[in-house]
Amino acid sequence: MRRAITSAVKSVTANSARSSSSFSRNLQGSSGSSKKIVGVFYKANEYASMNPNFVGCVEGSLGIRDWLESQGHEYIVTDDKDGPNSELEKHMSDLNVLITTPFHPAYVTAERIKKAKNLELLLTAGIGSDHIDLEATAAAGLTVAEVTGSNVVSVAEDELMRILILVRNFLPGYHQAIQGEWNVAGIAYRAYDLEGKTIGTVGAGRIGKLLLQRLKPFNCNLLYHDRIRMDPEMESQTGAKYEEDLVKMLGKCDVVVMNTPLTEKTKGMINKEMISKMKKGVLIVNNARGALMDTQAIVDACSSGHVAGYSGDVWYPQPAPKDHPWRYMPNHAMTPHISGTTIDAQLRYAAGVKDMLDNYFKGEDFPPQNYIVKEGELASQYR
């Protein structure tokens, strides 16, 4: 297994597209100079030594420390990211590259960007760079990139699992098992088959499409809403029907899955009014971003039963405080932000970060799909 995973990482690195064209205005001439690189990841503590492929944590440091230091670069890794006295804040004034992750996001504000006089490049180890003020980075002429595609499989699989957990009313049964109880009726009264249910995804990018493909064998009625319609071949392959009107689609769904990026336009989009358009008893899965939801509206809807179940691994802020109301609302199946940081995903995004750093040192471009901000322009999904 380990040998297969290692081979896969080498393949990802070897097949990443390269270009000999100039990288961008503010990154030209990077080759040959020593750089200060700071990475912000979650701490693994006692779990760090339990798997040699656990590279996405502070202790694993993406597996690139020896490689960076052998080339004369300084590499500082921390999990301390919040507040004026944090370890990250100490290095903002003179770092050249900042590597962050959605799973333990370092919120890169306009104020931090202003302090970072030497900052050239921001890399996201994973997918989703909304923890960075993208408008401010664009205005400052900085480059932001992520490892596009690195955890698509991981997140889509997790979404499918959460759909089944909610539809089959799994959690009450699990709790009975560990609490020494036995009450079949307490589970069965709202446990259903997935077959025949209407599932709608809000967003049908890489993850949304893959989820639809995974759902097709369950013989569901599949719907999707996106700003861009799939080509007919992909629609045929997934068996999904395009819904141009989001509100109308939500009203048809037994299960709603969020697969849209977080932008100023989508922030808080699932609010009290939008939930009122959904079926009573709807189930919601959100592995996209916590801030897509109106936090209190979700709590109220779960408490009233309008939303019969809510599951996801994304919160706002992250890590979620102990008093976050989603921890205590009824009928939830929440976890920490885990879906996109499986060991397989970690190896893919670690390889992608290394490949982009290598390009950066050589003054070469990244694969086009990895750019979130380049030469003052935001990628289309964030505009």
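Quick caveat: nothing in here was measured; it's all calculated off a predicted structure.
- The pair D365-K374 counts as a salt bridge, with a side-chain nitrogen and a carboxylate oxygen less than 4.0 angstrom apart.
- Looking only at distances, no side-chain donor or acceptor of H104 sits under 3.5 Å from a matching main-chain atom of V40.
- Formation of a donor-acceptor pair under 3.5 Å by the Q346 side chain with backbone atoms of G56 is found in this model.
- Side-chain atoms of V108 and L98, non-hydrogen and from C-beta on, do get closer than 4.5 Å to each other.
- Rounded to the nearest 0.5 angstrom, L171 CG and M334 CE are separated by 12.0 Å.
- Residues E46 and S49 come closest through the heavy atom pair O-OG, 3.8 Å.
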### Query
What's the verdict on side chain to side chain donor-acceptor pair (under 3.5 Å) for D158 and S339, showing C-alpha distance, side-chain angles and the deciding distance?
CA-CA 6 Å; D158 190 273; S339 62; 4.6 Å; no
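- Y75 places a side-chain N or O within 3.5 Å of a backbone atom of S61 that can act as its donor or acceptor partner.
- For the residue pair N85 / E89, no side-chain donor-acceptor distance below 3.5 Å is found, with atom types taken as modelled.
- Looking at K90 and E87, a side-chain N of the basic residue comes within less than 4.0 Å of a carboxylate O on the acidic one, giving a salt bridge.
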### Task
Evaluate the side-chain contact (heavy atoms from CB on, under 4.5 Å) criterion for residues L164 and F170: first the C-alpha distance (whole Å), next the side-chain angles of each, then the deciding distance (0.1 Å), finally the verdict.
CA-CA 8 Å; L164 287 165; F170 173 83; over 6 Å; no
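- With a 4.5 Å cut-off on side-chain heavy atoms, I99 and V353 count as touching.
- Residues I165 and A333 share a closest heavy-atom pair of CG2-CB, 4.2 Å.
- Between Y47 and F54, a ring centre-to-centre spacing not shorter than 6.0 Å is recorded.
- In this structure, the side chain of H337 engages the main chain of P102 through a donor-acceptor pair within 3.5 Å.
- Judged purely by distance below 3.5 Å, without hydrogens or angles, the side chains of T342 and S154 pair a donor atom with an acceptor atom.
- Between the side chain of R162 and the main chain of S311, no donor-acceptor pair closer than 3.5 Å is present.
- Under the 3.5 Å distance criterion, the side-chain polar atoms of K209 are matched with a main-chain donor or acceptor of A204.
- Across A297 and I275, no two heavy atoms sit closer than the pair O-CD1, 3.8 Å.
- For R190 and N331, the side-chain atoms include at least one donor-acceptor pair closer than 3.5 Å.
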### Query
Between H131 and T100, is a side chain to side chain donor-acceptor pair (under 3.5 Å) present by the stated rule, with each step listed?
CA-CA 9 Å; H131 55 284; T100 59; 2.7 Å; yes
### Task
Could you go through the side-chain contact (heavy atoms from CB on, under 4.5 Å) check for I199 and V257 one step at a time?
CA-CA 8 Å; I199 318 292; V257 187; 4.2 Å; yes
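- The backbone N or O of P105 lies less than 3.5 Å from a partner atom in the side chain of K81, making a donor-acceptor pair.
- Using a cutoff of 4.0 Å between basic side-chain nitrogens and carboxylate oxygens, K354 and D358 are not scored as salt-bridged.
- Within the 4.5 Å cutoff, side-chain heavy atoms of L378 are placed close to those of E135.
- Rounded to the nearest 0.5 Å, atoms CE (M293) and CD1 (I270) are 5.0 Å apart.
- The residues K36 and D94 are annotated as salt-bridged, a charged nitrogen and a carboxylate oxygen being separated by less than 4.0 angstrom.
- Hydrophobic clustering, with ILVMFWY side chains joined whenever heavy atoms are under 4.5 angstrom apart, keeps L283 apart from M249.
- Annotation: the span from I37 atom CD1 to F361 atom CZ amounts to 4.0 Å, rounded to 0.5 Å.
- A donor-acceptor contact closer than 3.5 angstrom is absent between the side chains of T238 and Q213.
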#### Entry: Derivation of the side chain to side chain donor-acceptor pair (under 3.5 Å) call for E146 and Y349
CA-CA 9 Å; E146 58 189 40; Y349 62 69; over 6 Å; no
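- Summarising the geometry of N96 relative to S34, their closest heavy-atom pair is OD1-O, 4.4 Å, with the distance given to 0.1 Å.
- Side chains of K280 and V307 form no contact here, defined as non-hydrogen atoms less than 4.5 Å apart.
- Checked by atom type, the side-chain pair S150/R348 shows no donor-acceptor distance below 3.5 Å.
- Between the side chain of S276 and the backbone N or O of E273, at least one donor-acceptor pair lies under 3.5 Å.
- A salt bridge links R229 with E235; the closest basic N to acidic carboxylate O contact falls under 4.0 Å.
- For residues 219-275, the set of pairs meeting the ring-ring contact (aromatic ring centres under 6.0 Å, His included) definition, not counting sequence neighbours, comprises Y224-Y242.
- Using a 4.5 Å heavy-atom threshold, the side chains of T201 and L212 count as touching.
- Residues V255 and T198 have side chains not in contact (no heavy-atom distance under 4.5 Å, counting atoms from C-beta outward).
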### Message
Test side-chain contact (heavy atoms from CB on, under 4.5 Å) on M329 and Y310; report intermediate values, then the result.
### Response
CA-CA 9 Å; M329 65 186 181; Y310 183 89; 3.7 Å; yes
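- For the pair H73 and K35, the tightest heavy-atom approach, listed with the atom from each and the gap, is ND1-N, 3.0 Å.
- Contacts of D254 classified as salt bridge (Lys or Arg N to Asp or Glu O under 4.0 Å), with partners at least two apart in sequence or in another chain: K279.
- Looking only at distances, no side-chain donor or acceptor of E195 sits under 3.5 Å from a matching main-chain atom of N219.
- For the 3.5 Å distance criterion, the side chains of Y42 and T341 qualify, holding a donor opposite an acceptor.
- Note that R289 lies outside the cation-pi zone of W315, set by a 6.0 Å cut-off to the ring centre and a 45° limit from the axis.
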### Task
Might you work through the side-chain contact (heavy atoms from CB on, under 4.5 Å) test for M278 and I284, ending with a clear yes or no?
CA-CA 10 Å; M278 300 181 191; I284 300 176; 4.1 Å; yes
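- S303 places a side-chain N or O within 3.5 Å of a backbone atom of V299 that can act as its donor or acceptor partner.
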